[in-house]
Protein chains: 2
Amino acid sequence: MSSLIDPDSSTPKYMQLANFIKQQIDSEVWLPRQMIPSERQLESQYSVSRPTIRQAIDYLERLGYLYREHGRGTFVSPRKLQKGMQELTSFSEDLQQRGLQPGQIIRSIAWVTPSENIARRLEIPAGTQVMQIDRIRLGDESPIGLQTSFVALAPGEEITQADLEKSGSLYRILEDKFNQIPTEADETLETTLATVEEAVLLHIKPDAPLLLNERLTYNQYRRPIEFVKILYRWDRYRYVTRLARKSS
Amino acid sequence: MSSLIDPDSSTPKYMQLANFIKQQIDSEVWLPRQMIPSERQLESQYSVSRPTIRQAIDYLERLGYLYREHGRGTFVSPRKLQKGMQELTSFSEDLQQRGLQPGQIIRSIAWVTPSENIARRLEIPAGTQVMQIDRIRLGDESPIGLQTSFVALAPGEEITQADLEKSGSLYRILEDKFNQIPTEADETLETTLATVEEAVLLHIKPDAPLLLNERLTYNQYRRPIEFVKILYRWDRYRYVTRLARKSS
DNA sequence: TTAGCATACTGGTTAATACCAGTTCTATTA
DNA sequence: TAATAGAACTGGTATTAACCAGTATGCTAA
């Protein structure tokens with residue numbers, strides 16, 4: 001047995017421990033509803049202090065892998081609760097998780113002056129130009145949704161068609177090229193009806209219902225970087241999320 | 001200055017400190033993007049140890065009130081980011097937050113044997129009875145949605161029409177009467193079309209689009225307690241949520 | 001004047017220790 | 001036999017003490 005924890009590693013001990021526990025759960029060595037070793041037991045087994053262990057458990061509890069019961073122990077969350085935790089994902093990541101092959105048709109990329117409404121949401125001065133990207137999103141090569149993104153970039157920065165075709169994911173471009181890491185987003189979902197143009201692009205009848213998803217995405221400094229509207233075909237898309245009750 | 005922190009209080013110190021900070025933010029004494037006192041400053045000002053302070057800040061960071069930047073400081077999140085954090089709320093709470101007067105028409109309360117699908121989701125043996133509650137949900141006295149709840153109760157427990165009429169909120173009944181605290185939920189959202197019956201109840205035309213919200217709610221022990229379907233009028237309801245990017 | 005480095009701030013990680021507060025079970029007592 | 005007190009577990013809160021790792025700034029040397 002002994003030290004899976006390397007004290008000289010650049011990854012913190014609590015994260016090493018968390019990864020170990022996560023692995024025990026993912027590989028089903030520790031089963032759902034089963035109690036994991038108590039904090040004192042872990043302390044002596046892995047020679048790390050209790051605060052460090054609590055930090056690891058805190059982390060996994062937030063991710064939904066574990067739950068605690070005061071006086072009883074710490075337990076593995078049932079399988080269903082382990083996925084998700086309302087993650088912010090790009091369209092490409094989203095579809096891959098659903099087992100569909102993501103694809104896209106880029107209809108246009110252009111600098112535009114956004115509406116006053118969108119400029120306010122992006123917290124940029126009226127008149128500032130942003131990049132508008134219109135895409136048809138595909139799942140297994142047939143249309144799932146229409147996506148219009150408005151991206152607020154710093155002067156001199158630009159997204160090209162080549163960028164998008166290469167990576168497929170706007171989020172990856174923002175991270176790799178501009179060091180803008182999407183960390184949080186506000187989303188709204190509502191139902192609407194397809195216009196004639198939308199119906200043609202999505203291969204559906206006009207007036208068919210659509211799921212309209214609007215999202216304002218923030219970077220690591222809590223600055224808005226992208227406002228996006230996605231219109232989903234009602235018969236091909238279902239939105240999934242997880243909610244948690246506010247504590248205290 | 002001195003002690004806003006009462007060491008003899010039954011509420012933990014870190015929570016007292018968190019409440020104080022929250023209040024400074026809510027009352028706009030500390031403004032968005034403004035740096036709050038450093039952890040060492042708070043330590044000496046309020047005579048609590050740094051780990052305790054970090055616990056308070058951790059808590060408020062999770063709730064979206066604060067964000068940290070390594071080497072720079074801890075800052076107040078911009079206003080917009082402070083609301084929400086995908087809270088699990090009952091319909092009544094939800095509507096109140098939107099500034100509408102919640103109301104309901106109880107159509108039926110009855111013991112039923114749920115479909116196999118629903119029984120599986122509620123993790124109860126096939127054939128076990130659950131309470132089905134059908135309601136029309138009102139906002140400012142006009143119909144917003146149709147709600148059908150399936151509640152898994154222990155033997156002997158029952159929800160009556162009087163219970164519902166008195167509190168209005170199923171969640172409050174579950175908490176107060178049965179000590180079942182809703183803590184987490186998985187939700188799906190999709191678009192569908194109104195049947196004739198649904199159209200009549202909601203005062204809309206048949207084939208009008210509807211937003212279908214399904215939710216499986218878990219109690220404090222991660223056991224499913226309620227499966228609910230809500231059909232919302234497309235012109236009167238919009239779903240709002242917040243997403244966070246998975247860390248690490 | 002400017003490049004670069006030291007310094008003094010930030011938050012991040014880890015340890016050792018203590019006691020409080022629920023839960024469970026056992027051994028004692030009525 | 002049954003109720004009860006208490007021991008022995010669980011996680012929850014709090015303190016003290018270091019040191020590491022980013023960031024900003026001002027001083028120094030080129």
Side-chain angles (χ1 to χ4, degrees), chain A residues 3-21 30 33-62 65-77 179 181 220-222 247-248, chain B residues 3-21 30 33-62 65-77 179 181 220-222 247-248:
Chain A
S3 53
L4 298 121
I5 274 73
D6 173 11
D8 300 327
S9 167
S10 67
T11 59
K13 283 191 188 182
Y14 81 89
M15 195 54 78
Q16 292 181 49
L17 185 58
N19 287 332
F20 167 72
I21 294 173
W30 294 348
R33 304 266 175 221
Q34 186 182 322
M35 183 180 160
I36 73 169
S38 78
E39 297 177 357
R40 270 101 175 163
Q41 283 169 18
L42 290 170
E43 187 174 0
S44 60
Q45 276 178 40
Y46 299 107
S47 309
V48 285
S49 69
R50 194 164 159 230
T52 303
I53 283 159
R54 284 185 61 79
Q55 211 173 341
I57 293 175
D58 281 349
Y59 174 70
L60 291 175
E61 190 184 20
R62 260 188 320 225
Y65 277 86
L66 300 173
Y67 63 97
R68 296 201 245 226
E69 290 186 34
H70 189 177
R72 303 221 313 122
T74 301
F75 305 86
V76 178
S77 285
N179 197 32
I181 302 167
Q220 66 267 47
Y221 306 117
R222 305 300 195 276
S247 48
S248 152
Chain B
S3 54
L4 299 124
I5 274 73
D6 174 10
D8 300 326
S9 167
S10 66
T11 59
K13 282 191 187 180
Y14 81 89
M15 195 54 80
Q16 291 181 49
L17 184 58
N19 287 333
F20 166 72
I21 294 173
W30 294 348
R33 304 262 174 221
Q34 187 183 322
M35 184 181 160
I36 72 169
S38 77
E39 297 177 356
R40 270 100 175 166
Q41 282 170 20
L42 290 169
E43 186 174 0
S44 60
Q45 275 179 40
Y46 299 108
S47 309
V48 286
S49 68
R50 196 167 155 227
T52 303
I53 284 159
R54 285 184 61 81
Q55 208 174 344
I57 293 176
D58 281 348
Y59 174 71
L60 291 175
E61 192 185 16
R62 262 189 319 230
Y65 278 86
L66 299 173
Y67 64 97
R68 296 202 248 225
E69 290 186 32
H70 189 176
R72 303 219 315 121
T74 301
F75 305 86
V76 177
S77 285
N179 195 32
I181 303 168
Q220 65 268 47
Y221 306 116
R222 303 301 193 275
S247 47
S248 146

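Lettering follows sequence order; numbering is per chain, from 1.
- Remark: side-chain polar atoms of Gln34(A) are not paired, donor with acceptor, to backbone N or O of Val76(A) under 3.5 angstrom.
- For Arg72(A) and dT24(C), the shortest distance from a side-chain N or O to OP1 or OP2 is below 4.0 Å.
- With sequence neighbours excluded, no residue satisfies side-chain hydrogen bond (donor to acceptor under 3.5 Å, both in side chains) with Ser47(A).
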Next on the checklist: Let's go through Met15(A) and Tyr59(A) carefully: what are the C-alpha distance in whole Å and the side-chain angles of both, what is the deciding distance for side-chain contact (heavy atoms from CB on, under 4.5 Å) to 0.1 Å, and is it a yes or a no?
Outcome noted: CA-CA 9 Å; Met15(A) 195 54 78; Tyr59(A) 174 70; 3.8 Å; yes
Checklist entry - Can you give one letter per nucleotide of nucleotides 12-17 of chain C, 5' to 3': B if a protein heavy atom sits under 4.0 Å from the base, S if only from the sugar-phosphate, - if neither? => result BBSBB-
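- Proximity of a side-chain donor or acceptor of Glu43(A) to a complementary backbone N or O of Ile53(A) within less than 3.5 Å is not detected.
- Annotation: side-chain contact (heavy atoms from CB on, under 4.5 Å) contacts of Gln55(A) (sequence neighbours excluded): Tyr14(A).
- Gln34(B) places its CD atom 16 Å from the C1' atom of dT10(C), with the value rounded to the nearest Å.
- The span of DNA chain D lying next to chain A, judged by atoms under 4.0 Å from heavy atoms, is bounded 5' to 3' by dT10(D) to dT13(D).
- Residues Ile21(A) and Leu66(A) form a side-chain contact, since some pair of their non-hydrogen atoms from C-beta on lies under 4.5 Å apart.
- By the side-chain hydrogen bond (donor to acceptor under 3.5 Å, both in side chains) test, Glu69(B) pairs with Arg72(B), sequence neighbours left out.
- For Ser49(B), the side-chain hydrogen bond (donor to acceptor under 3.5 Å, both in side chains) test picks out Thr52(B), with sequence neighbours left out.
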